[in-house]
Every structure is written in structure tokens, then in C-alpha cells.
**Q** 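Before I ask anything, here is the structure I am working with.
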Amino acid sequence: MANMQPNKTPMPEQEANVRNANFQEVALGYTLEQAQNEAQRCLHCKNRPCVGGCPVGIPIPDFIAKVAEGDIAAAYQILSDANALPAISGRVCPQETQCEGKCVRGIKGEPVAIGRLERFVADWAAEHGLANVATAPKNGRKVAVIGSGPAGLTCAGELARMGYSVSVFEAFHTAGGVLSYGIPEFRLPKAIVAREVSNLEKMGVDIELNMVIGKVLTIPELFDMGYEAVFIGSGAGLPMFMKIPGESLVGVYSANEYLTRINLMKAYQPESETPILHGKKVVVVGGGNVAMDAARCAKRMGAEVHIVYRRSEAELPARAEEVHHAKEEGIVFDLLTNPVSIEGDEQGHVQSITCIRMELGEPDASGRRRPVVVEGSEFKMEADTVIMALGTKPNPMSYEGTPGLDKSPKGCVAADERGCTSCPNIFAGGDAATGAATVILAMGAGKHAAKSIDEYLKSKVSV
Ligand code: FAD
Ligand code: SF4
């Protein structure tokens, strides 16, 4: 008999007023009893709508059934056969629009907390020394992966499982992509990213750090080295700015730079030598997950933080949970507000930001109501730091100049539905191919591309 409790089993978490001054993880994870209670809410629907909502196709009701039985090792086997990074996706995937968005329990109450159960199972496995690192015998064929974000890591893991020798080339000194340099410690502890990367290494995946493809080696050189296919998973790391006066003042950061200094370069640790401005009044421009992460980091660094966003709360693109957490932690939301200029002092440091009020007009091409300027409504806000979280574009460095490789009008690698590009031996996925995705979409693209690479290489005689 299913547990018909309408709401999810609550997730234990740090108190808002405590956590907004530390970088430890906000959510603390389920106990076995809480996980079993939640797992018993699953109805084991015959048509499994939740599975259809998962880009990596996890057999969700099957692993949940094992949790309900208390056989967590079996749950981990099912989960990790389908998903190379379960502790990560359990924490940061937008489940509300993926698996949980399709869950029938969501019709009359809250959906089954699939993400929380996934996290529980992955953490339990790590605590009990389990790692699903079995691979097929080596088939003697080599594939290169550019970038170690969720797209590259998933592609590498899938190929390693099939018996390929895979090398991942990563520009940074640490693997993980956005998981390491973007998403803060308090949402995704870096020890967990390192653990998932280490599981891939146990599968034989070779991770080459500090290797900027396009500079140290080019894609044609990778083919000369005997790699028979290349997967481009180089993400979308180029920040965008508003092109308003004052954006070159000291104290204006792109969210990417601010978060990289804090997360990858550990500027939040007292002993860190990474330079960062400890702003007293920080304005973050934007309303997505990146804006929430930057704002919540600035708060933990001791600032009063305002989010300035040009539309209303209903249009905020960030996950509802992130907005909720940011509000609880004391971030101020200045909605229907848009910056027009940033002003500095004689030394060129940010002193204030001038904004204008907006109202919502008719829907635009995205279907969201267009923000319209309220004439004459300019006002000034005091600020010593401004963080621009307006979105990013792919950095074409790894693939620019590669003969025969098409780019999309957005500058992404032109990829078809198989994750392939115009070159038969080059494949692309994640943000490099779409410009802006999510962790789970990047993982889905990496998994998809691994299948395409396998089909392509099987159709071709080994060199
Ligand atoms: P990335 O994660 O960007 O990884 C690309 C990797 O390629 C990087 O490590 C980069 O250094 C490397 N690289 C780039 N160029 C080269 C080169 N020339 N040579 C070698 N290596 C190279 N999504 C969610 O689902 N949930 C969230 O909560 C969420 N929060 C986010 C928070 C932030 C701050 C950001 C920035 C993004 C967030 N996203 C979130 C989006 C998600 O992280 C991305 O969609 C996802 O990481 C894309 O994966 P990827 O593998 O394509 O690229
Ligand atoms: Fe269980 Fe929800 Fe999936 Fe149905 S849709 S099988 S209730 S998780």
C-alpha cells in the first residue's frame, strides 16, 4: 500500500540565518527512514511518465522500489547503470521540469521527491564504498573528449563502459566544468564532484588537466594522435554584458568570474590568496540560477545583496527552490527594474548603479511578457560591487579553424539530433552545442553522443 501523504518528506537543511554566513551544504540529505518513507509514495505507474521526463532515461520506479524495500545497494546498481553522475544530478538537476514535473503524484499534491532519493542512494553508496565502475573489455579504440563538464564526463563514462579508451582534455586545473567552477559549494560540495570524477578514473578514463584544446593541441592534431572520434563538450563560458556605461569600473564582475574566484579558486576560505572584493553592498543583475548563486555567495561573503531583474517574479528563470532559498537567506529582490548605467568614484571604483522601473507589456517571441520602460522612473542605488549574470555564449577556441566544422548562428557547434556535426568523426553536446542547457540536458547530450560515436566507430574499420 503506497504512502498517500500529499507532500514530499521534508529535506533536513541548515537554518537560513546560520547558512547565509557559511559555505557548507544547505540541504543535509535524507536518513534511511526518511528515504524509505518518501519511496513509499511512488505508485509504480504502468506507463512510467517520470522516466519519459528524464534525459538520461533512469528507470526511476525500479530504483525507488529498491529504496522502499531498504535494498539500497540494488537501488544504486539500477541508478548508476543509467547515470554516471547520480550524486550530482540528485542535487542540481531541475527535477521540477524533468522527472518530477511528469510525476502523477504531482497532480493532487507534490510529486515524489525523485531527486532527493537519487541523492540519498548515491551518497549511501559512497559511504558504503560502492562504485559502479565495471567496463567491457578494451576494444583498442581511442576517443578524445574536450571539456570535463557534465556533457564531457557523461560521454567519457558511457564510452569507457563500452570498452573505449577515453582521454578527457580539460583547460582548467580541476575537472568538472560548471560543477566545479560555477555552482557553489553550499549547493554542490566539490568533494562530491571529485568523487564522481574519481569513479570515472577507476573506469579507466584518462583526465588530462591544463590542456586548452585549440592552443596546446588542435582537433586535427588529436586525430593525428590516433583518436578516431572527438566529442566537443566545451560548454558556454563566455560571459555577456549589457553594454551600458560604467561596466569597466573596478567592482564590476561577470558572474562567471566572480563565481570562479569563489568556487574554483576558493576565495571564500580565509587563508585563500585569490583576490576578491568583499563588497558591502552588492547588486546582482539577472534572474537565473547563476544570479541566485552569485547573490547567495556575496551574502555569505558578508554583503547586503540586491537582485535586479527586469521582469516580474513569475518570469524569474531560476529554479523555484533557488529563489526560495535566496529569499530565506535575506537577498532583496528588486523586480521590474533594469540598470541603465554604473557610476564610479575618482579612483574608478563602483559607487552606485542607476536603474529604471519597468512594466510588463505583450508577450515576446519567448512567450514571456515583454518588459517596457516606465519613462522618467530612473533612480540611483548605492553599490560597491555589481555582478552581471546575463547569460553566456560558447567559447569557440577548441573548434575554431577545424576544417569542415559548421557553426550555428549563435556560434555553437552545429549539432544534429544525434549529437553529430557536419564532420562525421566530430560530435558535440551540452552547452557547446546549445548555448544554454542544464546539467541533466548536458548529461543527456553526452550520453546520446556516446551512442552515436559507438555507432559511427562500429561502422568504420579500425585505423
Ligand atoms: P561546462 O559545464 O561548461 O563544461 C565545459 C568544460 O569545458 C569546462 O570545464 C571548460 O573549462 C572546458 N573547456 C572549455 N574550452 C576548452 C578548451 N578549449 N579546451 C579544453 N577544455 C575546455 N544547470 C542545472 O541543471 N542546475 C543548476 O542548478 C545549474 N546551476 C548553474 C549555476 C551556474 C553558476 C552556471 C554557470 C550554470 C548552471 N547550470 C545549472 C547550467 C549547467 O551547469 C550547464 O548547462 C552545464 O554545466 C553544461 O555542461 P557542459 O558539460 O556542456 O559544459
Ligand atoms: Fe512513481 Fe511518480 Fe514515476 Fe508514477 S510518475 S512511477 S508515482 S515517480
Side-chain angles (χ1 to χ4, degrees), residues 2 39 41-54 59-62 64-65 88-89 91-95 97-100 102-107 111-114 117 145-155 168-184 187-188 208-217 219 232-239 255-256 258-260 263-264 288-294 297 318-319 321-322 389 391-392 394-400 428-443 445-446:
R41 293 185 64 231
C42 177
L43 303 177
H44 300 284
C45 316
K46 272 213 180 81
N47 54 352
R48 301 153 77 94
C50 51
V51 180
C54 174
I60 292 164
D62 301 348
I64 291 183
I88 293 169
S89 49
R91 283 173 165 81
V92 297
C93 281
Q95 292 101 9
T97 54
Q98 308 277 346
C99 53
E100 293 183 17
K102 302 272 188 302
C103 174
V104 297
R105 289 299 308 262
I107 299 169
V112 175
I114 300 168
L117 291 174
V145 169
I146 303 173
S148 66
L153 293 178
T154 305
C155 184
V168 177
F169 295 93
E170 168 54 49
F172 277 141
H173 60 279
T174 304
V178 169
L179 308 174
S180 291
Y181 79 75
I183 303 180
R187 280 214 291 133
L188 179 61
E208 302 278 342
L209 301 172
N210 301 308
M211 291 293 280
V212 185
I213 302 302
K215 294 285 177 201
V216 183
L217 288 170
I219 290 178
I232 302 173
S234 52
L238 273 188
N256 258 33
Y258 187 73
L259 289 168
T260 302
N263 298 315
L264 189 68
N289 284 320
V290 181
M292 299 306 136
D293 282 344
C297 281
R319 293 182 66 190
E321 181 178 288
E322 301 311 324
T392 50
N395 184 336
M397 190 190 292
S398 66
Y399 49 86
E400 206 145 63
D431 285 0
T434 61
T438 63
V439 168
I440 191 73
L441 288 176
M443 289 172 62

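Order of listing sets the numbers, starting from 1, for every ligand and every atom in it. Note that the structure is predicted; figures quoted are calculated from it, not measured.
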**Q** Tell me which protein heavy atom sits closest to atom 40 (C) of ligand 1, plus the residue, atom name and distance to 0.1 Å.
**A**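 Minimum-distance protein heavy atom for atom 40 (C) of ligand 1 reads Val439 CG2, 4.2 Å.
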**Q** What is the distance from atom SG of Cys45 to atom NZ of Lys102, rounded to the nearest 0.5 Å?
**A** 13.5 Å
**Q** Considering only protein heavy atoms, which is closest to atom 34 (C) of ligand 1, and at what distance to one decimal place?
**A** Leu259 CD1, 3.4 Å
**Q** Against ligand 1, does Pro94 come closer than 4.0 Å with any heavy atom?
**A** yes
**Q** Kindly indicate, with the supporting measurements, whether the criterion side-chain contact (heavy atoms from CB on, under 4.5 Å) is fulfilled by Glu170 and Leu153.
**A** CA-CA 11 Å; Glu170 168 54 49; Leu153 293 178; over 6 Å; no
**Q** I'd like to know if atom 1 (Fe) of ligand 2 has an N/O/S atom from Cys42 within less than 2.8 Å of it, counting both backbone and side-chain atoms.
**A**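 Checking atom 1 (Fe) of ligand 2 against Cys42, an N, O or S atom does fall under 2.8 Å.
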**Q** With rounding to the nearest 0.5 Å, note down the distance linking CG in Leu259 to OH in Tyr181.
**A**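 Between atom CG of Leu259 and atom OH of Tyr181 there are 9.5 Å.
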**Q** Among all protein non-hydrogen atoms, which one is nearest to atom 7 (S) of ligand 2, and what is the separation to 0.1 Å?
**A**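 I find the closest protein heavy atom is Leu43 N, 3.3 Å.
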**Q** For ligand 1, which atoms, with element, lie under 4.0 Å from some heavy atom of Gly177?
**A** 2 (O), 4 (O), 8 (C), 9 (O)
**Q** Would a distance-only check, ignoring hydrogens and angles, find a side-chain to backbone donor-acceptor pair under 3.5 Å from Arg41 to Arg105?
**A**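 Not at all, since once roles are kept as given, no pair shorter than 3.5 Å links the two residues.
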**Q** Can you check whether Leu179 reaches Ile88 side chain to side chain, under 4.5 Å on heavy atoms?
**A**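 Leu179 vs Ile88: side chains touch.
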**Q** Could you grab the distance from atom CZ of Phe172 to atom OG of Ser180, nearest 0.5 Å is fine?
**A** 9.5 Å
**Q** About how many Å separate CD1 of Ile232 and CD1 of Ile146, when rounded to the nearest 0.5 Å?
**A**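 Rounded to the nearest 0.5 Å, the CD1-CD1 separation comes out at 5.0 Å.
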**Q** Donor-acceptor pair, distance only, cut-off 3.5 Å: does the side chain of Ser398 make one with the backbone of Ile213?
**A** no
**Q** Closest heavy-atom contact between Ile440 and Pro94?
**A** CG2-CD, 4.0 Å
**Q** Atom 53 (O) of ligand 1: which protein heavy atom is closest, and how many Å away?
**A** Gly235 CA, 3.3 Å
**Q** Identify, by atom number and element, the atoms of ligand 1 in contact range of Asp293, meaning under 4.0 Å from any of its heavy atoms.
**A** 32 (C), 33 (C), 34 (C)
**Q** With atoms numbered from 1 as shown, which atoms in ligand 1 lie under 4.0 angstrom from a non-hydrogen atom of Gly233?
**A** 5 (C), 6 (C), 7 (O)
**Q** Look at atom 4 (Fe) of ligand 2 and say which protein heavy atom is nearest, naming residue and atom and giving the distance to 0.1 Å.
**A** Cys45 SG, 2.3 Å
**Q** Spell out, as yes or no, whether a donor-acceptor pair under 3.5 Å connects the side chain of Glu322 to the backbone of Met292.
**A** no
**Q** Can you name the atoms of ligand 1, numbered from 1 with element, that are less than 4.0 Å from a heavy atom of Gly149?
**A** 2 (O), 4 (O), 6 (C), 51 (O)
**Q** How far is atom 9 (O) of ligand 1 from the closest protein heavy atom, and which atom is that?
**A**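 Checking every protein heavy atom, the shortest distance to atom 9 (O) of ligand 1 gives Glu170 OE1, 2.6 Å.
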**Q** Looking at Gly176, is its backbone amide N or carbonyl O close enough to the side chain of Ser148 to form a donor-acceptor pair, meaning the two atoms are under 3.5 Å apart?
**A**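 Side chain of Ser148 to backbone of Gly176, a donor-acceptor pair under 3.5 Å: yes, one is there.
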**Q** I'd like to know if Glu322 contacts ligand 1, where contact means a heavy-atom distance under 4.0 Å to any ligand atom.
**A** no
**Q** Donor-acceptor pair, distance only, cut-off 3.5 Å: does the side chain of Gln95 make one with the backbone of Ala113?
**A** no
**Q** Look at atom 18 (N) of ligand 1 and say whether a protein heavy atom is found at less than 4.0 angstrom from it.
**A** yes
**Q** Provide the number and element of each atom of ligand 1 under 4.0 Å from a heavy atom of Val92.
**A**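 Taking each heavy atom of Val92 in turn, ligand 1 has 24 (C), 25 (O), 26 (N), 27 (C), 28 (O) under 4.0 Å.
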**Q** To which of Gly430, Ala255, Ala445, Pro150 does the heavy atom nearest atom 49 (O) of ligand 1 belong?
**A** Pro150
**Q** Report yes or no: does Asp431 contribute a side-chain atom to a donor-acceptor pair with the main-chain N or O of Ala437 at less than 3.5 Å?
**A**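 Pair found, side chain donor or acceptor close to backbone of Ala437.
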**Q** Nearest protein heavy-atom contact for atom 43 (O) of ligand 1: which residue, which atom, what distance?
**A**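 Minimum-distance protein heavy atom for atom 43 (O) of ligand 1 reads Val178 CG1, 3.1 Å.
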**Q** Would Gln98 and Cys93 count as a side-chain contact (heavy atoms from CB on, under 4.5 Å) here? Give the steps.
**A** CA-CA 8 Å; Gln98 308 277 346; Cys93 281; 5.8 Å; no
**Q** Begin with the C-alpha distance, continue with both residues' side-chain angles, and end with the deciding distance and a verdict on side-chain contact (heavy atoms from CB on, under 4.5 Å) for Asn289 and Arg319.
**A** CA-CA 7 Å; Asn289 284 320; Arg319 293 182 66 190; 3.6 Å; yes
**Q** Considering only the protein, which heavy-atom contact is closest to atom 31 (C) of ligand 1, and what is its distance?
**A**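 Protein heavy atom at minimum distance: Ile183 CG1, 3.7 Å.
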**Q** I'd like to check whether Val212 has a polar contact with ligand 1, where a contact means an N/O of the residue lying under 3.5 Å from an N/O of the ligand.
**A**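 Not met; the criterion fails.
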**Q** Where the side chain of Asp293 meets the backbone of Ile183, is there a donor-acceptor pair that is under 3.5 Å apart?
**A** no
**Q** Has the side chain of Ser234 got a donor or acceptor atom that lies under 3.5 Å from a matching backbone atom of Gly147?
**A**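 Not a single qualifying donor-acceptor pair exists.
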**Q** Just heavy atoms, cut-off under 4.0 Å: does Ile146 contact ligand 1 by side chain, backbone, both, or neither?
**A**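 Near ligand 1, Ile146 shows its side chain, while the N, CA, C and O stay back.
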**Q** Would you call Val290 a ligand 1 contact, heavy-atom distance under 4.0 Å?
**A** yes
**Q** Around atom 21 (N) of ligand 1, find the nearest protein heavy atom and jot down its residue, atom name and distance.
**A** Ala171 N, 3.1 Å
**Q** Would you mind running through ligand 1 and noting each atom that sits below 4.0 Å from a heavy atom of Phe169?
**A** 20 (C), 21 (N)
**Q** With atoms numbered from 1 as shown, which atoms in ligand 2 lie under 4.0 angstrom from a non-hydrogen atom of Pro61?
**A**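 This gives 6 (S) as the contact atoms.
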**Q** Considering only the protein, which heavy-atom contact is closest to atom 30 (N) of ligand 1, and what is its distance?
**A**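 I find the closest protein heavy atom is Arg187 NH2, 3.1 Å.
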**Q** Give the residue and atom name of whichever protein heavy atom lies nearest to atom 3 (Fe) of ligand 2, and the separation in Å to one decimal.
**A** Cys50 SG, 2.3 Å
**Q** Under 3.5 Å, N or O to N or O, is Asp431 touching ligand 1 that way?
**A** yes
**Q** Tell me the protein heavy atom at minimum distance from atom 2 (Fe) of ligand 2, and give that distance in Å.
**A** Cys103 SG, 2.4 Å
**Q** Could you tell me which atoms of ligand 1, counted from 1 in the order shown, lie closer than 4.0 angstrom to a heavy atom of Met211?
**A**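 Those qualifying, in numeric order: 19 (N), 20 (C).
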**Q** Can you name the nearest heavy-atom pair linking Ala294 to Ala255, along with the distance?
**A** CB-CB, 4.5 Å
**Q** I need the atoms of ligand 1 closer than 4.0 Å to a non-hydrogen atom of Ala442, numbered in the order shown.
**A** 48 (C), 49 (O)
**Q** Ignoring angles and geometry beyond distance, decide whether Ala151 reaches within less than 3.5 Å of ligand 1 through its nitrogen or oxygen atoms.
**A**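 In this structure, Ala151 places an N or O atom under 3.5 Å from an N or O of ligand 1.
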